[in-house]
Amino acid sequence: MKPKFASAEVAQVFAAVPEEARKRLLEVRALIFDVAAQTPQVGPLEEALRWGEPSYLTKKTKSGTTVRIHWKAKRPDDCALYVSCQTDLVEGFRLRHAGALRFEGQRAVLFGVAGPLPEAALRDCIREALTYHVNRARAANRVRGKLR
């Protein structure tokens, strides 16, 4: 699935990235839209720039946290998927995908520009991020139900 860019500004950010990294980011962008389409509670995604990076928001359903993707010259062999550092998402990703992905702090999931894309692991991370608020609400409801 290759959706059109939401704006010329988003397209320009992708165009400014070196070709090999751009191809990888476009693969991950397609994964993000595919995961959203296969996850009913996510609904339509809004693509925008946040902090100058392509970002994917569940603005209509508010089901998840914003997912950003980008490549940075200071780390030329890696691309990254970012989530809010105010969540515990990366901690969970580390537990489940330490062999397939690398991490930086509480916000970044790193994967190589070259080589096989760890698609299954990334799909799981993307799904978790795009349903973060829904999943937290369900967990809170389960806890409240047990306390009564």
Side-chain angles (χ1 to χ4, degrees), residues 1-140:
M1 176 173 169
K2 283 187 169 182
K4 291 183 178 184
F5 289 108
S7 69
E9 292 82 13
V10 172
Q12 288 171 351
V13 169
F14 278 96
V17 173
E19 184 179 356
E20 192 175 18
R22 180 176 46 249
K23 287 179 183 177
R24 182 52 43 108
L25 289 174
L26 289 171
E27 282 181 89
V28 174
R29 178 181 182 265
L31 277 180
I32 292 168
F33 279 101
D34 190 48
V35 168
Q38 293 179 16
T39 312
Q41 63 265 43
V42 171
L45 289 182
E46 178 182 308
E47 182 177 52
L49 292 180
R50 297 291 188 268
W51 301 279
E53 299 170 345
S55 302
Y56 305 88
L57 301 83
T58 59
K59 200 165 189 176
K60 185 174 181 179
T61 64
K62 299 184 182 344
S63 65
T65 191
T66 299
V67 173
R68 294 180 290 123
I69 57 173
H70 209 37
W71 171 90
K72 299 193 192 278
K74 69 178 182 179
R75 189 176 229 133
D77 296 330
D78 289 318
C79 289
L81 181 143
Y82 303 97
V83 295
S84 171
C85 63
Q86 302 298 314
T87 69
D88 60 356
L89 285 166
V90 172
E91 184 179 319
F93 299 164
R94 269 191 183 97
L95 292 172
R96 291 192 309 277
H97 302 295
L101 300 167
R102 290 171 287 117
F103 306 92
E104 186 174 82
Q106 291 301 311
R107 111 176 10 192
V109 177
L110 305 174
F111 48 93
V113 167
L117 183 69
E119 185 176 329
L122 281 172
R123 280 182 179 278
D124 181 62
C125 294
I126 293 163
R127 187 175 300 102
E128 285 291 314
L130 295 178
T131 58
Y132 178 73
H133 297 301
V134 170
N135 292 339
R136 283 182 47 106
R138 281 188 190 139

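Side chains included, hydrogens not; waters and symmetry mates left out as well; all remaining heavy atoms used. Bear in mind the structure is a predicted one, so any value in this text is a computation, not a measurement.
Between Phe33 and Tyr56, the two ring planes are perpendicular [angle over 60°; tilted spans 30° to 60°].
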Before giving the answer on side chain to side chain contact (heavy atoms under 4.5 Å, CB included), spell out for Thr39 and Leu130 the whole-Å C-alpha distance, their side-chain angles and the decisive distance to 0.1 Å.
-> CA-CA 9 Å; Thr39 312; Leu130 295 178; over 6 Å; no
Please step through side chain to side chain contact (heavy atoms under 4.5 Å, CB included) for the pair Leu122 and Val35, ending with a clear verdict.
-> CA-CA 10 Å; Leu122 281 172; Val35 168; over 6 Å; no
Leu31 and Arg123: CA distance, side-chain angles, deciding distance, side chain to side chain contact (heavy atoms under 4.5 Å, CB included) verdict | CA-CA 7 Å; Leu31 277 180; Arg123 280 182 179 278; 3.4 Å; yes
Starting from the C-alpha separation in whole Å, work towards a yes-or-no answer on side chain to side chain contact (heavy atoms under 4.5 Å, CB included) for Asp78 and Arg102.
-> CA-CA 10 Å; Asp78 289 318; Arg102 290 171 287 117; 2.5 Å; yes
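Between the NE2 atom in His70 and the CZ atom in Phe14 there is a gap of 9.0 Å [rounded to 0.5 Å]. Expressed to the nearest 0.5 Å, how far CD of Gln41 lies from OG1 of Thr61 amounts to 8.5 Å. Interatomic distance, Asp34 CG to Glu27 CD, rounded to the nearest 0.5 Å: 12.5 Å. Taking OG1 of Thr58 as the start and NE2 of His133 as the end, the distance is 6.5 Å to the nearest 0.5 Å. The OG1 atom of Thr66 lies 12.5 Å from the OH atom of Tyr132; values are rounded to the nearest 0.5 Å. With rounding to the nearest 0.5 angstrom, the CD atom of Gln12 is 9.0 Å from the CG atom of Leu49.
Applying the side-chain hydrogen bond (donor to acceptor under 3.5 Å, both in side chains) test to every pair with at least one member in residues 82-96, sequence neighbours left out, gives these pairs: Arg96-Asp124.
Between Arg24 and Glu20 no salt bridge is recorded (no basic side-chain N to carboxylate O distance below 4.0 Å).
Using a distance-only test at 3.5 Å, with no hydrogens or angles considered, a donor-acceptor pair links the side chain of Arg22 to the main chain of Ala15.
Nearest heavy atoms, Ala21 versus Cys79: O-SG, 4.0 Å.
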